[in-house]
K.L.:
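Can you read through this structure? Questions will come right after.
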2 protein chains.
Amino acid sequence: MKDENQGTEQRIKDAAKGLFQKKGFAATKTREIAEASETNLALVNYYFRTKKQLFDAIMLETLNELLSGVVNIYSNEETTFEEKINAFVNHYMDLFSENQNLPAFIMNSVRENPKEYLTQFGLLGKIQDSTFAKQFQEKLEKGEIAQVNPINFIVNLIALTVFPFITQPIVCETTGINKELYYQMIEDRRRLIPLWIETMLRIT
Amino acid sequence: MKDENQGTEQRIKDAAKGLFQKKGFAATKTREIAEASETNLALVNYYFRTKKQLFDAIMLETLNELLSGVVNIYSNEETTFEEKINAFVNHYMDLFSENQNLPAFIMNSVRENPKEYLTQFGLLGKIQDSTFAKQFQEKLEKGEIAQVNPINFIVNLIALTVFPFITQPIVCETTGINKELYYQMIEDRRRLIPLWIETMLRIT
DNA sequence: ATTCAATTTAAACATTCGTTTAATATTAGA
DNA sequence: TCTAATATTAAACGAATGTTTAAATTGAAT
């Protein structure tokens, strides 16, 4: 039971993750995974049975990472409402800066099969019971924010944070700006998004 | 040369469009297209040579529709800056309400191959020379808006408009809200997004 | 009615793809 | 060292997929 096992299994998983994220499930071939992981065709099935099971393992791991991040930030009792918005933006801009295909990958996979990947997390409950939700409610009652639909609010926060990563290839291609400059440019959004969001919360 | 030709060709294209938009290029099979269009396998190739050429024809048509919309709105000399923002939001919320898979489809296809589908439109030039750009510049000079990066501004406008359509299946699945209620809920954004955008333009 | 091009169809072709098999190599424990 | 489980490999299988072929049908012009 040397760690060559885990080595091979992990190498396959890593290679598959990269390919699935870039090209999606259907466009990624088992033979590509074998080649990219420097193993062979049979080993992929030896460790993961089927392509779908491999995909699901990766998907679950990725979603867990992603969602536990939200839940941790939202349920922190030590931070203010504003600090949570800041933390959210920074956490996801960090994550997506390192892994630029992640946003589109998640969107697509979950879109294709929302039931399969989301229901099991009990995400809604955790968010509804979170400190963040309570702080939102408090601010509403104190009149510090306007009567905004909380779904609009959350969608806006995610949209402003995530969307620039999804559109990067499009913007870079049409404008001719190179990737590095683009990512450098959207760094400023770490500061701006919380400001934007807070003023948006005052508009009815 | 009866219009059965155009009938068949169009029927194939329509069926293919629906499938490509829902499942993407790789996951859509030529046999599905044949079946969905109530034709047969060979006819698909008779009219479009290859699956890729069929896809490209659809893609080009779709992009043209989509982008000519932006260009028309941006280059209108009769409308104010604020009216253009309004028109943009309404135009795309109309379009995507009718065709709910469109946003994700465009994002993905263009992301996968930005050069192939975007460069030929000369989009950047048309936008840079548009009345919208001039009006933006004027407002900047008059001090009516802050020194904001125009790319951040455009990305925000598109993000706030498009993103709710991309996340619809995710939000509905996690919250339990049904589709109709969701779309009804985001209708309010037609009014809100222009307000949001205008206040965002005053933040440095 | 005949002709000829355009259209439609059924069948087949050649690959590719996901998966399995069976044989070989490696490792750890007795 | 021997054994048995685990890991790796090459080859093959069967189904699916994109595309082509060749024959049949249709429709309009002569």
Side-chain angles (χ1 to χ4, degrees), chain A residues 1-62 101 105 108-109 112-113 116-117, chain B residues 1-62 101 105 108-109 112-113 116-117:
Chain A
M1 212 127 337
K2 64 277 124 144
D3 64 2
E4 277 295 307
N5 297 2
Q6 256 219 349
T8 314
E9 185 170 352
Q10 194 58 45
R11 225 163 56 243
I12 293 171
K13 212 195 280 183
D14 289 344
K17 191 187 275 187
L19 289 166
F20 282 141
Q21 285 183 5
K22 187 157 39 163
K23 323 189 345 167
F25 179 77
T28 300
K29 311 302 174 184
T30 40
R31 281 166 179 81
E32 292 182 272
I33 297 172
E35 192 183 3
S37 60
E38 290 177 315
T39 61
N40 70 68
L41 205 48
L43 274 177
V44 176
N45 284 46
Y46 176 73
Y47 283 106
F48 296 96
R49 304 282 304 164
T50 68
K51 180 184 167 189
K52 181 65 162 57
Q53 279 185 50
L54 171 55
F55 182 84
D56 285 348
I58 288 169
M59 192 64 203
L60 229 56
E61 221 176 83
T62 306
N101 294 312
F105 171 68
N108 291 326
S109 308
E112 276 173 31
N113 209 336
E116 190 171 355
Y117 298 118
Chain B
M1 212 128 336
K2 62 270 124 143
D3 64 3
E4 277 292 310
N5 297 1
Q6 255 219 352
T8 317
E9 184 169 353
Q10 195 58 46
R11 225 165 54 246
I12 293 171
K13 211 195 280 187
D14 289 345
K17 192 187 273 188
L19 290 166
F20 282 141
Q21 285 183 4
K22 187 157 39 168
K23 324 189 342 166
F25 179 77
T28 300
K29 310 304 173 185
T30 40
R31 280 168 179 79
E32 293 182 271
I33 297 172
E35 192 182 4
S37 60
E38 289 177 317
T39 62
N40 71 68
L41 206 45
L43 274 177
V44 177
N45 285 47
Y46 175 75
Y47 283 106
F48 297 96
R49 305 282 304 161
T50 67
K51 180 184 167 189
K52 180 64 163 53
Q53 279 185 51
L54 171 54
F55 181 84
D56 285 349
I58 289 168
M59 193 62 202
L60 230 56
E61 219 176 85
T62 308
N101 293 313
F105 171 67
N108 291 326
S109 309
E112 276 174 31
N113 209 336
E116 192 172 352
Y117 298 118

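Naming: A, B, ... by sequence-line order, numbering from 1 per chain.
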K.L.:
Report yes if a side-chain nitrogen or oxygen of B:Y47 is closer than 4.0 Å to either non-bridging phosphate oxygen (OP1 or OP2) of C:dT8; otherwise report no.
P.N.:
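Yes, because at least one side-chain N or O of B:Y47 sits under 4.0 Å from OP1 or OP2 of C:dT8.
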K.L.:
Taking salt bridge (charged side-chain N to carboxylate O under 4.0 Å, His left out) as the definition, give me every residue that meets it alongside B:K51, ordered by chain and number, with sequence neighbours left out.
P.N.:
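With sequence neighbours excluded, B:K51 shows a salt bridge (charged side-chain N to carboxylate O under 4.0 Å, His left out) to no residue whatsoever.
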K.L.:
Roughly, in whole Å, what's the span from CG in B:L43 to P in D:dT25?
P.N.:
15 Å
K.L.:
Tell me which residues in residues 24-41 of chain A lie within less than 4.0 Å of DNA chain C, going by non-hydrogen atoms.
P.N.:
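Within this stretch, A:T28, A:K29, A:T30, A:R31, A:L41 sit under 4.0 Å of the strand.
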K.L.:
Take atom CZ of A:F48 and atom P of C:dT20, then tell me their distance rounded to the nearest Å.
P.N.:
15 Å
K.L.:
Looking at A:L54 and A:A16, what are the two nearest heavy atoms and their distance?
P.N.:
CD2-CB, 3.7 Å
K.L.:
If you draw a 6.0 Å radius around CD in A:E32, do more than 12 non-hydrogen atoms from other residues or ligands fall strictly inside?
P.N.:
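Atom CD in A:E32 is packed in, count exceeds 12.
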K.L.:
Within the supplied structure, the quantity of interest is the number of heavy atoms (other residues, nucleotides, ligands) at a distance under 6.0 Å from A:K23 NZ; does it exceed 12?
P.N.:
yes
K.L.:
NZ of A:K22: more than 12 outside heavy atoms within 6.0 angstrom?
P.N.:
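Atom NZ in A:K22 is not packed in, count stays at 12 or less.
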K.L.:
Nearest whole Å is fine: how far is C:dT19 P from A:I12 CD1?
P.N.:
14 Å
K.L.:
Can you tell me how far C1' of C:dA22 sits from CG of A:N45, to the nearest Å?
P.N.:
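A:N45 atom CG is separated from C:dA22 atom C1' by 15 Å.
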K.L.:
Measure the distance from OH on A:Y46 to P on D:dT9 and round it to the nearest whole Å.
P.N.:
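That distance rounds to 12 Å.
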K.L.:
Let me know the distance between NZ of A:K51 and P of C:dT20, rounded to the nearest Å.
P.N.:
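Rounding to the nearest Å, NZ of A:K51 and P of C:dT20 are 15 Å apart.
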K.L.:
Nearest whole Å is fine: how far is C:dC17 C1' from A:F55 CZ?
P.N.:
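Rounded to the whole Å, the gap is 17 Å.
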K.L.:
Got more than 12 heavy atoms from elsewhere within 6.0 Å of CD, A:Q53?
P.N.:
yes
